[in-house]
Each structure stands twice: as structure tokens, then as C-alpha cells.
There are 2 protein chains.
Amino acid sequence: MSFEELVFDVFARNCTSRPVMDTVASRWGILSLVALQDGTHRFNELRRRVDGVSEKMLSQTLHALERDGLVLRTVQSTIPPRVEYSLTDAGRRIATKLTELIELLEASMPDISVAQARYDEAR
Amino acid sequence: MSFEELVFDVFARNCTSRPVMDTVASRWGILSLVALQDGTHRFNELRRRVDGVSEKMLSQTLHALERDGLVLRTVQSTIPPRVEYSLTDAGRRIATKLTELIELLEASMPDISVAQARYDEAR
DNA sequence: CTGCATCCATAATGATACTG
DNA sequence: CAGTATCATTATGGATGCAG
């Protein structure tokens with residue numbers, strides 16, 4: 001199976017890259033990937049780190065990222081079970097870029113806050 | 001009004017950067033910002049470019065980006081009206097980073113497709 | 001401990017029709 | 001052209017119960 005010669009374009013309505021982008025750039029997808037950048041983490045560890053995520057959404061997000069080959073999930077069938085999540089090489093590359101985006105956005109927040117205040121003022 | 005001394009953290013549940021990140025990294029937020037990278041565009045131009053977006057979502061997304069100070073909206077009250085959208089400096093910085101993310105993701109799609117096929121195969 | 005399954009409430013999204 | 005309004009559909013979130 002080879003996809004090498006295909007062109008992927010997120011601007012195209014039915015490109016297969018669209019759902020992948022939706023998963024990666026989703027609210028919890030971004031935070032999950034970035035939270036895994038400093039190494040392996042367990043489920044509830046991630047849950048605490050990604051403040052506000054529900055069990056259900058974190059589980060769903062991690063499975064989607066695993067399916068996309070960005071997150072690796074390893075299970076140790078001990079009692080109690082130990083499930084660990086980490087990034088694949090592709091996942092790490094994307095997480096790095098997401099971190100840059102987050103840093104840029106957080107650095108822009110002062111300007112953004114001022115713009116929002118001005119905008120809301122005007123109505 | 002000064003926000004300079006505040007720390008913004010998207011990982012915190014109630015940080016004001018969270019909704020901004022949601023807007024920027026939303027399905028249509030990303031594509032709208034990147035579509036505006038090569039200059040000024042009109043509403044229906046963007047609508048054609050961002051394949052699959054509904055009128056409502058494009059309108060909503062552009063308004064949110066305008067409120068965040070990332071997109072500039074200029075109206076010429078002629079008949080028919082001419083409304084133009086472009087990026088602000090902050091918008092341009094973020095759009096540049098989003099473009100890098102898109103390029104990275106599109107370049108990773110061959111690997112991702114293989115991973116998805118393997119994953120789906122296994123169930 | 002790590003989750004999946006289910007039910008329910010609410011929010012986001014989309015299709016369509018209509019207006020200045 | 002550039003939207004808004006309305007309604008239908010879908011996604012998301014919270015709570016709870018249960019299993020390996």
C-alpha cells in the first residue's frame with residue numbers, strides 16, 4: 001500500500017487529512033499531544049494535567065490519536081493495570097509545532113485581550 | 001489596562017487563552033487564517049476557498065477572529081456591498097505557524113494513513 | 001487503577017430560506 | 001454580495017454504574 005504519490009490538501013472538503021487535522025487541532029487533541037511531550041504519562045496523570053477534560057473526552061481523544069499513529073498506548077496487565085501513553089516520532093514532530101503555536105498564542109494574549117476589550121466596548 | 005504581568009496558560013481550565021485557542025485552532029479558524037495569508041479576500045471568495053464551510057460558520061468564525069484582533073474587516077457601503085477581510089500583524093504571525101502545522105501534517109499523511117489502516121485492520 | 005457503556009442535558013454545527 | 005434567522009442534526013460534556 002503506497003500513498004507516496006498522493007497529494008493531501010486540508011482545504012479540500014473530502015481530503016482524508018481533514019478528520020486528522022480535526023483530531024490533532026481539537027481542544028483536547030492539542031493539549032494531550034503537548035502534555036505528552038516531556039515523556040510517558042498514565043491516564044489519570046494526563047487527566048490532571050489537561051485541566052477540565054472529562055474522562056470520556058480524554059479517552060476518546062487518545063484513542064483517535066493512537067489510531068492516527070501519533071500516540072503509542074502500552075498496557076501492562078497487572079493488577080491494578082498500568083496504561084501508559086507516549087508520542088510516536090510523527091506525534092513528537094506535530095507536538096513540537098503545537099507547542100510553538102501555544103507559545104506564540106500565549107505571548108500574543110496581552111494584545112488579544114486588549115483587542116477583545118475594545119471590540120466588546122464598541123457594542 | 002495592562003495584561004503584561006499576567007501569565008497565560010492554556011492548560012489551565014479557566015485561562016482566558018482557552019477560548020482564543022479554541023477559535024484559532026477550530027476547524028474553520030485554521031483554514032480561514034491560512035486562507036488569508038496571501039492577502040485580502042472577500043466573504044464569498046473565502047467561502048469558495050475554505051471548501052465545505054457553511055455561511056453561518058464562516059461568518060461566525062471571522063467575527064470571532066476579528067474580535068480577537070487577528071482579522072481585520074473593512075466594509076465599503078456600496079451597492080452591492082464590498083466587505084474585505086485581511087490579517088492583522090498578530091494574525092499573520094499565528095497564520096504562519098498554522099501553515100507550518102498544516103505542511104507538517106500533510107507531509108505526515110502517508111504515515112498516518114498506513115497507521116489508520118493497520119489500526120482498523122486489527123479490529 | 002483504568003477505563004468502557006449508558007443516559008441525559010446542553011452546545012456546536014449545518015442546511016435552508018430570507019433580507020438590506 | 002454579505003450576511004441573519006430558523007430549524008434540524010450532531011458533537012460534546014457530566015454523571016453514574018460496572019468490568020478486568
Side-chain angles (χ1 to χ4, degrees), chain A residues 10-14 18-32 35-36 40-68 71-86 119 123, chain B residues 10-15 18-32 35-36 40-68 71-86 119 122-123:
Chain A
V10 289
F11 279 94
R13 183 201 294 260
N14 49 16
R18 273 269 181 100
V20 177
M21 185 54 123
D22 287 349
T23 302
V24 168
S26 70
R27 179 181 319 175
W28 308 123
I30 296 177
L31 297 180
S32 299
L36 284 169
T40 298
H41 290 286
R42 301 178 64 175
F43 187 81
N44 279 332
E45 242 174 338
L46 286 172
R47 189 145 151 52
R48 279 187 294 276
R49 210 164 230 254
V50 181
D51 191 22
V53 69
S54 69
E55 218 180 51
K56 182 175 160 183
M57 288 314 297
L58 182 58
S59 177
Q60 207 173 98
T61 302
L62 288 170
H63 278 297
L65 292 173
E66 187 196 3
R67 183 176 108 95
D68 293 343
V71 160
L72 195 67
R73 181 172 177 271
T74 58
V75 188
Q76 298 170 35
S77 302
T78 55
I79 296 178
R82 184 185 186 84
V83 183
E84 297 187 324
Y85 296 89
S86 58
Y119 184 95
R123 349 259 121 184
Chain B
V10 289
F11 279 94
R13 185 202 293 261
N14 49 14
C15 180
R18 272 271 182 98
V20 177
M21 185 53 121
D22 287 348
T23 302
V24 168
S26 69
R27 181 180 318 173
W28 308 123
I30 296 177
L31 297 180
S32 299
L36 284 169
T40 297
H41 291 284
R42 303 177 64 175
F43 186 82
N44 279 331
E45 240 174 337
L46 286 172
R47 188 144 150 54
R48 280 186 294 276
R49 210 163 231 254
V50 181
D51 191 21
V53 69
S54 67
E55 269 179 3
K56 180 179 165 182
M57 287 314 298
L58 183 57
S59 176
Q60 206 172 99
T61 301
L62 289 170
H63 279 297
L65 292 173
E66 186 196 4
R67 183 177 106 96
D68 293 343
V71 160
L72 195 68
R73 180 171 177 273
T74 58
V75 186
Q76 298 170 37
S77 301
T78 54
I79 296 179
R82 184 184 187 85
V83 183
E84 296 188 324
Y85 295 91
S86 57
Y119 184 96
R123 346 262 122 186

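Every heavy atom of this structure was used, including side-chain atoms; hydrogens, water molecules and symmetry mates were not. Labels below follow one simple rule: chain letters A, B, ... track the order of the sequence lines, proteins then strands, and each chain is numbered from 1.
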Nucleotide D/dT12, atom P - distance to CE of A/M57 in whole Å: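 Value for this atom pair: 5 Å.
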
Toward the 5' end of DNA chain C, which comes first, A/E84 or B/R47, by nearest nucleotide?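 By nearest-heavy-atom nucleotide position, the 5'-most residue is A/E84.
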
Where chain B begins and ends its contact with DNA chain C, read 5' to 3' at 4.0 Å from heavy atoms: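 Taking any atom under 4.0 Å from a heavy atom of chain B, the span is C/dT13 to C/dG20.
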
Specify the angle, to 10°, made by the local axes at the two ends of the helix from C/dC1-D/dG20 to C/dG20-D/dC1 when five pairs are taken at each end.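 Axis-to-axis angle, ends of the helix: 50°.
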
Between residues 20-31 of chain A and DNA chain C, which residues have a heavy-atom gap below 4.0 Å?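 None - not one residue of the stretch has a heavy atom sitting under 4.0 Å from the strand.
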
When you compare the side chain of B/L72 with that of B/E66, does any pair of heavy atoms fall below 4.5 Å?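 The answer is no; the side chains never approach within 4.5 Å.
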
Sub-4.5 Å side-chain heavy-atom contact between B/S86 and B/L36: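 Of all side-chain heavy-atom pairs linking B/L36 with B/S86, none is under 4.5 Å.
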
Summary of salt bridge (Lys or Arg N to Asp or Glu O under 4.0 Å) pairs that have at least one residue in residues 53-64 of chain A, sequence neighbours excluded: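 Not a single pair qualifies under salt bridge (Lys or Arg N to Asp or Glu O under 4.0 Å).
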
Looking for any heavy atom pair under 4.0 Å, which part of the strands does B/R42 touch: base, sugar-phosphate only, or nothing?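 Sugar-phosphate contact only - B/R42 comes under 4.0 Å of backbone atoms but never of a base.
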
Every protein N/O within reach of nucleotides 3-7 of chain D N/O, cut-off under 3.5 Å:
unit_1 : atom_1 : unit_2 : atom_2 : d
D/dG3  : OP1    : B/R73  : NH2    : 2.5
D/dG3  : OP2    : B/Y85  : OH     : 2.4
D/dG3  : N7     : B/E55  : OE1    : 3.2
D/dG3  : N7     : B/E55  : OE2    : 3.4
D/dG3  : O6     : B/E55  : OE1    : 3.2
D/dT4  : OP2    : B/S59  : OG     : 2.9
D/dT4  : O4     : B/E55  : OE1    : 2.9

Non-neighbouring partners of [X] that pass side-chain contact (heavy atoms from CB on, under 4.5 Å), sequence neighbours left out:
X: A/A64; answer: A/T23
X: A/R27; answer: B/D22
X: B/N44; answer: B/R47, B/R48
X: A/D51; answer: B/R13, B/R18

Determine which pairs satisfy side chain to side chain donor-acceptor pair (under 3.5 Å) with at least one residue from residues 75-84 of chain A, sequence neighbours left out, and list them in order.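 Checked against side chain to side chain donor-acceptor pair (under 3.5 Å) - neighbours excluded - the pairs reaching residues 75-84 of chain A are A/R82-A/E84.
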
Between A/S32 and A/L58, which heavy-atom pair has the shortest distance, and what is it?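 Scanning both residues, the minimum pair turns out to be OG-CD1, 3.7 Å.
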
Under the rule for side-chain hydrogen bond (donor to acceptor under 3.5 Å, both in side chains), what residues qualify as partners of B/R67, not counting sequence neighbours?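 side-chain hydrogen bond (donor to acceptor under 3.5 Å, both in side chains) list for B/R67, sorted by chain: A/D120.
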
Applying side-chain hydrogen bond (donor to acceptor under 3.5 Å, both in side chains), name anything that partners A/R49, two or more places apart in sequence or on another chain.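 Once residues adjacent in sequence are excluded, the partners of A/R49 under the side-chain hydrogen bond (donor to acceptor under 3.5 Å, both in side chains) criterion are A/D38.
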
For the pair B/Q60 (side chain) and B/M57 (backbone), establish whether a donor and an acceptor sit closer than 3.5 Å, ignoring hydrogens and angles.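 Not a single qualifying donor-acceptor pair exists.
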
A/V53 or A/P81: which one's nearest nucleotide on DNA chain D is closer to the 5' end?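 Per heavy-atom nearest nucleotide, the more 5' residue is A/V53.
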
Take A/T61 and A/L31 through the side chain to side chain contact (heavy atoms under 4.5 Å, CB included) test and state the conclusion after the steps. CA-CA 10 Å; A/T61 302; A/L31 297 180; over 6 Å; no

